[in-house]
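Whatever order the structure lists ligands and atoms in, that order sets their numbers, starting from 1. Numbering of residues begins at 1 and proceeds along the displayed sequence.
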Amino acid sequence: MKRFLSIFVALVLVIGMLSGCGAKQEETQTSQNPAKESEKTEPIVLRLADVHNDGYPTVIGDREFARLVEERTDGRIKVEVYPGGQLGDEKTVIEQVQFGAIDLTRTSISPLTEFQKKLSVLMLPYIYRDKEHMFKVLDGPMGEEFLNGLSEANMLGLCWYDAGARSFYNSKKEIKTVEDLKGLKIRVQKSEIMLDLVKALGASPTPMAFSEVYSAIQTGVIDGAENNWASYLTTSHYEVAKYYTVDEHTRVPEMILMSKMTFDKLSPEDQKIIKEAAKEAALVEREEWAKAEAEAEEKIVANGNIVTRLESKDEFQKAVSSLYDKYGADYKDLIEKIINTK
Ligand code: GTR
């Protein structure tokens, strides 16, 4: 018994010494080497949502943004990109960005107009002469004001992406005139201005998440939708809705949107890095966009889809002019300024 007791006491002593030693070692290590301490700080991980899949121009832009941020913060900030709508549909994600549950998203401004009415001005039908005109506006002081103006809604726009122009497509018939759209059930983004636009053309709008459109056309729940060339291709909507009319009713810019809650927690240096990285990533996206848009059009035509090019878009333009009264009445000067931007 005596022997057993002494072995037990010896064991307790040894264990005590060992653990004491260990703790000390750690203490001396950290105090002697402060660099180690900073190495140990966990990186800030920010989540960025996108409804498009990898390889789509916006996701290429998102990944470039993530790369630049990580590089310029020496890995202190990591942006994790979640493509393919993994974090939810566009409108739901924006709501989460507003409350900081998701840090960033790449979004079309259509659903964002629900959070800031004034933004509708930037997607009024036929407001831009062409893409160059749109970027002249967006890359100037007006565009900057819109990006910062979202702080009213607890969010911040970081940069402008290209998304081409949106046109109608359907599974039923060729659309050559506004009359041809009458009664067709057309899916729209969750956005009041898009709903009104489709209504103004005499069709019947159905708001729906992007991911549900393919099967809704396939099963006949809706007759068609409207989108740019690249989305029409990558979603495979072109397989179930073979008629595409190049009416280009609206050019809807897109952006990287950040939660103000997340942004405000960062140091001014990191805020600057985030803003600059987004602007640079946008240039990459725009280049990728131009390539993807041309390739998509080519593939769709080669696939044998019925692509209708209108001789004039005047009739469409006239039919949707009422949207300027409803969405532009409070911003007449701004609209003027946009139209007069050369
Ligand atoms: C695409 C856009 C997406 C989403 C989608 C839609 O052109 O890039 O962000 O808005 O359209 O129609 O839901």
Side-chain angles (χ1 to χ4, degrees), residues 48-62 65 81-97 102 104-115 119-120 122-123 125 131 134 138 155 157-170 185-195 197-198 203 205-217 222 224-238 240-241 244 246-257 281-282 285-286 288-290 292-293 295-297 300:
L48 189 161
D50 196 316
V51 293
H52 290 296
N53 291 322
D54 255 314
Y56 195 86
T58 60
V59 182
I60 297 178
D62 302 342
F65 168 67
V81 179
Y82 291 83
Q86 287 174 62
L87 299 187
D89 88 285
E90 213 157 38
K91 178 109 186 270
T92 319
V93 166
I94 298 171
E95 277 159 9
Q96 297 200 56
V97 167
I102 295 176
L104 297 139
T105 185
R106 190 286 316 159
T107 184
S108 161
I109 68 162
S110 299
L112 201 53
T113 55
E114 302 291 299
F115 300 81
L119 211 55
S120 307
L122 290 184
M123 55 173 288
K131 158 179 167 160
M134 180 180 84
L138 298 180
M155 297 181 280
L158 297 178
C159 63
W160 297 107
Y161 275 11
D162 196 2
R166 300 177 75 99
S167 290
F168 288 104
Y169 51 88
N170 79 98
K185 267 198 181 162
I186 300 290
R187 174 269 174 173
V188 289
Q189 292 155 298
K190 293 179 182 169
S191 158
E192 201 190 327
I193 182 169
M194 290 308 294
L195 200 114
L197 189 151
V198 167
T206 309
M208 188 184 283
F210 193 40
S211 58
E212 290 162 17
V213 182
Y214 182 91
S215 67
I217 299 177
I222 51 172
E226 46 79 59
N227 220 315
N228 53 50
W229 287 108
S231 283
Y232 180 49
L233 177 79
T234 56
T235 52
S236 299
H237 294 175
Y238 75 102
V240 285
Y244 192 90
V246 193
D247 63 280
E248 303 185 315
H249 47 266
T250 175
R251 204 169 265 284
V252 185
E254 304 191 348
M255 64 164 71
I256 299 184
L257 179 74
E285 190 276 344
R286 291 181 203 177
E288 292 294 329
W289 176 263
E293 187 178 50
E295 270 170 35
E297 181 172 350
I300 285 154

Checking heavy-atom distances from atom 13 (O) of ligand 1 to each of Arg187, Lys190, His237, Glu254, the winner is Arg187
Heavy atoms of Tyr56 and Thr234 approach each other most closely as CE1-OG1, 3.4 Å
Nearest-0.5 Å distance that lies between atom CG in Leu158 and atom CG in Leu48: 9.0 Å
Quick one: does Trp289's side chain have a donor or acceptor within less than 3.5 Å of a partner on Asp162's backbone? no
Closest non-hydrogen atom pair between Ser231 and Phe210, with its separation: OG-CZ, 3.9 Å
Close-contact set for ligand 1 against Ser108 heavy atoms, below 4.0 Å: 9 (O), 10 (O)
Any heavy atom of Ser231 closer to ligand 1 than 4.0 angstrom? yes
Would you say the side chains of His52 and Asp50 form a donor-acceptor pair under 3.5 Å? no
List every atom of ligand 1 that sits less than 4.0 Å from any heavy atom of Asn227, numbering the atoms from 1 in the order shown and giving each element. 1 (C), 5 (C), 6 (C), 7 (O), 11 (O), 12 (O)
Would you say Thr107 contacts ligand 1, with heavy atoms under 4.0 Å as the rule? no
Nearest protein heavy-atom contact for atom 4 (C) of ligand 1: which residue, which atom, what distance? Glu90 OE1, 3.2 Å
At under 4.0 Å between heavy atoms, which part of Val252 makes contact with ligand 1: side chain, backbone, both or neither? neither
Are a donor atom and an acceptor atom from the side chains of Gln189 and Ser108 found within less than 3.5 Å of each other? yes
Look only at interatomic distance and state if Tyr56 has a nitrogen or oxygen under 3.5 Å from any nitrogen or oxygen of ligand 1. no
